[in-house]
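This report refers to the structure that appears directly beneath it.
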Amino acid sequence: MIRSRLKELVDRCFVDGVQQGLWTGDAAGKYTVEIPKHENQGDFSTNIALVIAGLEKRNPRELAARFAALLEAERELIAAVAVAGPGFVNITISHSVWQQVITTVEAAGEQFGRSRVGGDRRVMVEFVSANPTGPLSVGHGRQAILGDAIARLLEATGHHVYREYYYNNAGRQMRVLGESVRARYLELVGEPDSFPEDGYQGEYIYDIARELVAEAGDGLKDVVEVEPFQRKAEAVIFKDISATLARMGIVFDKYFNERSLYENGAIDEVVAELRAKGLVYEEQGATWFRTSRFGQEKDRVIIKSSGEPTYRLPDIAYHREKFRREFDWLIDIFGSDHIATIPDVLAGVTALGYEADKVTVILHQFVTLLRDGKQVKMSTRKATFVTVDELLDEVGADAARFFFMMRKPDSQLEFDLDLAASQSQENPVYYVQYGHARLCSILRQAGEKGVAVGADSDVDTALLGEDDEIALLKAMAAFPALIESAALQLEPHRVIFYLMDLAGRLHSYYNKHRVIGDDPALSQARLSLIVALRTVFRNGLHIVGLTAPETM
RNA sequence: GCGCCCGUAGCUCAGCUGGAUAGAGCAACGGACUUCUAAUCCGUAGGCCGCAGGUUCGAAUCCUGCCGGGCGCGCCA
């Protein structure tokens with residue numbers, strides 16, 4: 001906001017300098033205006049002199065001094081200019097400019113931080129995509145929160161977001177699930193059948209079987225096909241999965257199933273197209289895709305000698321469907337164990353004539369759970385994993401969201417159950433939410449004491465001159481740019497770090513200064529700051545799907 | 001063996017995509033409640049940014065090679 005205004009100013013001074021013959025125009029677009037690391041280095045800093053010096057082999061400090069002289073003339077934004085270090089030009093913005101942020105925030109209200117940079121681009125975010133063979137585990141939980149937070153950030157920045165969940169219901173995995181349910185069913189109606197060797201052992205399989213007994217008694221005991229059992233399992237488990245996701249505030253626009261790709265002929269079309277382009281061949285009874293043409297080590301089987309496709313084929317067909325549905329940007333969120341499938345899918349869509357550039361894949365690392373300081377051992381096979389539902393029971397939706405968002409996807413995530421569940425000071429979720437509650441509390445007090453939070457015409461924001469007040473104003477001013485960049489970089493964790501920082505500044509300020517005091521004008525000014533801060537907290541929390549409690 | 005990710009304070013992790021003197025939260029230690037919520041604050045201590053080279057005005061960040069950890073490398077998904 002202010003940074004972009006300053007950038008325009010710097011650009012103008014740069015051009016002025018070119019016209020005056022102080023330097024050439026070569027550095028255009030190469031220098032930056034940034035917020036420096038240390039507070040004694042001004043509010044903003046530009047490396048323009050260093051860039052020019054590098055290009056023209058000149059003395060950076062001298063160039064910096066000349067550039068500073070040009071900036072000095074601009075007094076509406078700038079309070080001070082200084083040359084520092086190897087040749088940085090540090091710029092201090094006038095307090096009055098920061099103080100105007102309060103008006104800006106209140107004018108925008110709920111829209112503060114939201115933007116239209118997305119330009120209505122249509123984006124699909126595919127995430128979770130767990131096959132309905134059992135309840136969601138904590139690994140899926142991370143993906144669910146990550147994907148939803150990314151979706152929310154994109155929505156906040158003017159994208160049209162479509163959330164989609166893809167699952168395989170045509171393959172072996174779901175067949176085994178059906179067989180597992182049938183075995184439990186037969187066991188329950190007194191006709192024990194051998195349980196499949198690689199069957200699903202979880203207690204939930206019995207639950208599904210019990211539902212079948214309740215509905216049909218022993219009427220299904222002579223059914224040989226696995227189909228009815230599989231369908232039932234899929235339906236029941238999906239109902240549970242959707243309910244779990246809903247507990248976290250996640251709703252998908254569509255559950256896309258693999259089987260539909262067979263039914264509408266998409267699978268056959270993909271094979272035919274690839275074959276027509278000479279990218280498919282038969283060997284040892286299987287059908288191979290020439291992935292080696294796309295920079296891979298070797299070709300891959302897409303149809304097994306048994307006639308059954310491998311997972312690759314439907315994955316490619318599914319991605320072709322995404323392209324056909326005319327999205328501008330396709331975001332896939334996968335666990336890091338799916339890394340091997342990505343090149344195949346991208347090779348597939350490239351081969352079919354689509355721009356693989358439109359696909360962004362985010363791989364997230366695994367989650368380890370910590371309880372009593374020790375790692376919780378989990379095994380999918382034995383169904384000893386901790387489910388998302390159990391996690392939500394234990395720590396609640398906000399803490400789960402917060403903890404899953406706290407780390408960038410590339411990092412493995414250690415989820416400390418005791419910390420997330422603790423209602424105490426070391427829990428960062430409460431630290432941030434308490435910030436918002438505290439602001440609400442101050443405003444409640446103001447109301448009770450009859451200190452009206454005046455229309456901003458009565459408020460003299462120039463009274464907000466304390467260092468920590470200016471720091472709070474600066475932090476608020478940085479919020480829109482933060483949201484924009486977190487959205488475009490697909491990095492929700494940055495919002496969390498921002499909120500923790502803002503909360504820290506607020507709590508510190510609160511302990512140092514009284515908002516409602518003896519001086520009515522000062523109280524008014526500070527209350528206007530509190531109102532603006534509340535807006536930023538609320539917007540920040542809401543944009544990433546967290547609640548903003550008014551009391552705690 | 002090959003590919004991707006990670007390695008930063010005792011622990012868990014940030015570090016705005018190459019900037020200036022390295023950051024936060026926990027844990028440790030010492031302080032602050034007659035006050036708008038102490039779910040808070042203030043202070044102290046804590047570092048060979050895995051190691052070694054290279055690129056340049058400048059590297060935690062980029063390139064190469066090692067070391068250590070995770071995930072993959074199927075006619076499983």
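Order of the sequence lines sets the chain letters (A, B, ...), proteins ahead of strands, with each chain counted from 1.
Residue-level contact check: A:Asp468 touches neither bases nor backbone, having no heavy atom under 4.0 Å from any strand. At the heavy-atom level, A:Gln433 lies nowhere under 4.0 Å from the strands shown. Here A:Ser45 lies in heavy-atom contact (under 4.0 Å) with a base. A:His436 comes within 4.0 angstrom of no nucleic acid atom, judged by non-hydrogen atoms across all strands. Nucleic acid contact for A:Lys30: none, since no nucleic acid atom lies under 4.0 Å from a heavy atom of the residue. Note on A:Thr551: a base of the nucleic acid sits closer than 4.0 angstrom, heavy atoms only. At the heavy-atom level, A:Ala84 lies under 4.0 Å from base atoms of the strands shown. Residue A:Gln284 is classed as a base contact, given a heavy-atom separation below 4.0 Å to a base. Using a 4.0 Å heavy-atom distance criterion, A:Leu443 is classed as making no nucleic acid contact. Heavy atoms of A:Ala340 sit under 4.0 angstrom from primed sugar atoms or phosphate atoms, though from no base atom. If you check every strand for non-hydrogen atoms under 4.0 Å, A:Leu50 touches a base. Looking at heavy-atom distances under 4.0 Å, A:Asn168 makes contact with sugar-phosphate atoms alone, never a base. Residue A:Glu414 is in sugar-phosphate contact alone, with no base atom involved, counting any heavy-atom pair closer than 4.0 Å across all strands shown. Across all strands, A:Arg438 comes closer than 4.0 Å only to sugar-phosphate atoms, never to a base (heavy-atom distances).
The base-pairing partner of B:rU35, taking Watson-Crick or G-U wobble contacts with both distances under 3.5 Å, does not exist among the strands shown. Pair assignment for B:rC71: B:rG3, on the basis of Watson-Crick or G-U wobble contacts that are both within less than 3.5 Å. In this entry B:rC66 has B:rG50 as its Watson-Crick or G-U wobble partner, both defining distances falling under 3.5 Å. B:rU44 and B:rA28 make up a base pair, with Watson-Crick or G-U wobble contacts both under 3.5 Å. Judged by Watson-Crick or G-U wobble contacts below 3.5 Å, the nucleotide B:rG58 has no partner. Using N1 to N3 plus N6-O4 or O6-N4 for Watson-Crick, or N1-O2 and O6-N3 for G-U wobble, each under 3.5 Å, B:rA22 pairs with nothing.
Of the candidates A:His493, A:Arg401, A:Arg494, A:Met405, A:Met405 is the only one forming a side chain to side chain contact (heavy atoms under 4.5 Å, CB included) with A:Val544. With A:Phe44 as reference, A:Leu6 is the one residue of A:Leu6, A:Thr92, A:Asn90 to meet the side chain to side chain contact (heavy atoms under 4.5 Å, CB included) rule.
Taking the charged nitrogens against the carboxylate oxygens, A:Arg371 and A:Asp418 have no contact shorter than 4.0 Å, which rules out a salt bridge. Salt bridge A:Arg275/A:Glu282: present, at least one basic N to carboxylate O contact under 4.0 Å.
In the set B:rC6, B:rG69, B:rC16, the nucleotide with an atom closest to the side chain of A:Asp410 is B:rC6. The side chain of A:Ile339 lies closest to B:rG3, out of B:rG3, B:rA20, B:rA77. When distances run from any side-chain atom of A:Gln365 to the nucleotides B:rG70, B:rC57, B:rC36, the shortest one goes to B:rG70. Ranking B:rA20, B:rC13, B:rC71 by closeness to the A:Ser336 side chain, first place goes to B:rC71. The side chain of A:Glu34 has B:rU17 as its nearest neighbour among B:rU17, B:rA77, B:rC71. In this structure, the nucleotide among B:rC76, B:rC36, B:rA20 sitting nearest to the side chain of A:Arg172 is B:rC76. Nearest nucleotide to the side chain of A:Lys57, out of B:rC57, B:rC2, B:rC76: B:rC57. The side chain of A:Gln489 lies closest to B:rU17, out of B:rG74, B:rC41, B:rU17. Comparing B:rC36, B:rU40, B:rG15 by their closest approach to the side chain of A:Tyr431 singles out B:rU40. Each of B:rA77, B:rG70, B:rC36 was ranked by its minimum atom distance to the side chain of A:Asn131; first place goes to B:rA77.
Taking only side-chain nitrogens and oxygens, A:Lys512 never comes nearer than 4.0 Å to OP1 or OP2 of B:rU40. Proximity of A:Tyr510 to the phosphate of B:rA38: a side-chain N or O atom is located under 4.0 Å from OP1 or OP2. In terms of phosphate contacts, A:Arg526 brings no side-chain nitrogen or oxygen within less than 4.0 Å of OP1 or OP2 of B:rC36. OP1 or OP2 of B:rC42 sits under 4.0 Å from a side-chain N or O of A:Ser508. Residue A:His38 places at least one side-chain N or O under 4.0 Å from the OP1 or OP2 atom of B:rG23. When the side-chain nitrogen and oxygen atoms of A:Tyr509 are compared with OP1 and OP2 of B:rC42, none of them lie within a distance under 4.0 Å. Residue A:Lys408 places no side-chain N or O under 4.0 Å from the OP1 or OP2 atom of B:rC5. Between A:His493 and the phosphate of B:rG15, there is a side-chain N or O to OP1/OP2 separation shorter than 4.0 Å.
The separation of B:rA60 from B:rC48, taken at their P atoms, amounts to 14 Å, rounded to a whole angstrom. Comparing the same atom, P, in B:rG53 and in B:rA45 gives a spacing of 32 Å after rounding to whole Å. Of the P atoms belonging to B:rC6 and B:rA39, the separation is 39 Å, rounded to the nearest Å. Across B:rA28 and B:rC62, the matching P atoms stand 36 Å from one another, rounded to whole Å. Separation of the C1' atoms belonging to B:rG68 and B:rA24 is 26 Å when rounded to the nearest angstrom.
One donor-acceptor pair, N or O on each side, does fall under 3.5 Å between the base of B:rA20 and the side chain of A:Asn90. A:Thr341 contributes no side-chain N or O that forms a donor-acceptor pair with the base of B:rA77 under 3.5 Å. Evaluation of atom-type donor-acceptor distances gives a pair under 3.5 Å for the side chain of A:Ser305 against the base of B:rC75. Judged by atom type and distance alone, A:Asn511 does not reach the base of B:rU35 through any side-chain donor-acceptor pair under 3.5 Å. The base of B:rA39 does not come close enough to the side chain of A:Tyr430 for any donor and acceptor atom to sit less than 3.5 Å apart.
The shortest distance between side-chain heavy atoms of A:Ser508 and A:Tyr510 does not fall below 4.5 Å. No side-chain heavy atom of A:Gln433 sits less than 4.5 Å from a side-chain heavy atom of A:His436.
Cation-pi geometry between A:Arg312 and A:Phe289 is not met: the NZ or CZ atom fails to fall both under 6.0 Å from the ring centre and inside 45° of the normal.
Between the side chain of A:Asp416 and the backbone N or O of A:Leu419 there is at least one donor-acceptor pair closer than 3.5 Å. Side-chain atoms of A:Asn257 come within 3.5 Å of backbone N or O of A:Arg259 as a donor-acceptor pair.
With its glycosidic angle within 90° of 0, B:rC33 is assigned syn. With its glycosidic angle within 90° of 0, B:rU17 adopts the syn conformation.
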Criterion salt bridge (charged side-chain N to carboxylate O under 4.0 Å, His left out) on A:Arg526 and A:Glu469, from CA distance to verdict:
CA-CA 9 Å; A:Arg526 288 186 172 169; A:Glu469 288 169 337; 2.8 Å; yes
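The residue among A:Ile303 and A:Glu550 whose nearest nucleotide of RNA chain B lies closer to the 5′ end is A:Glu550.
By the 5.5 angstrom centroid cut-off and the 30-degree plane limit, A:Phe497 is classified as not stacked against the base of B:rA24.
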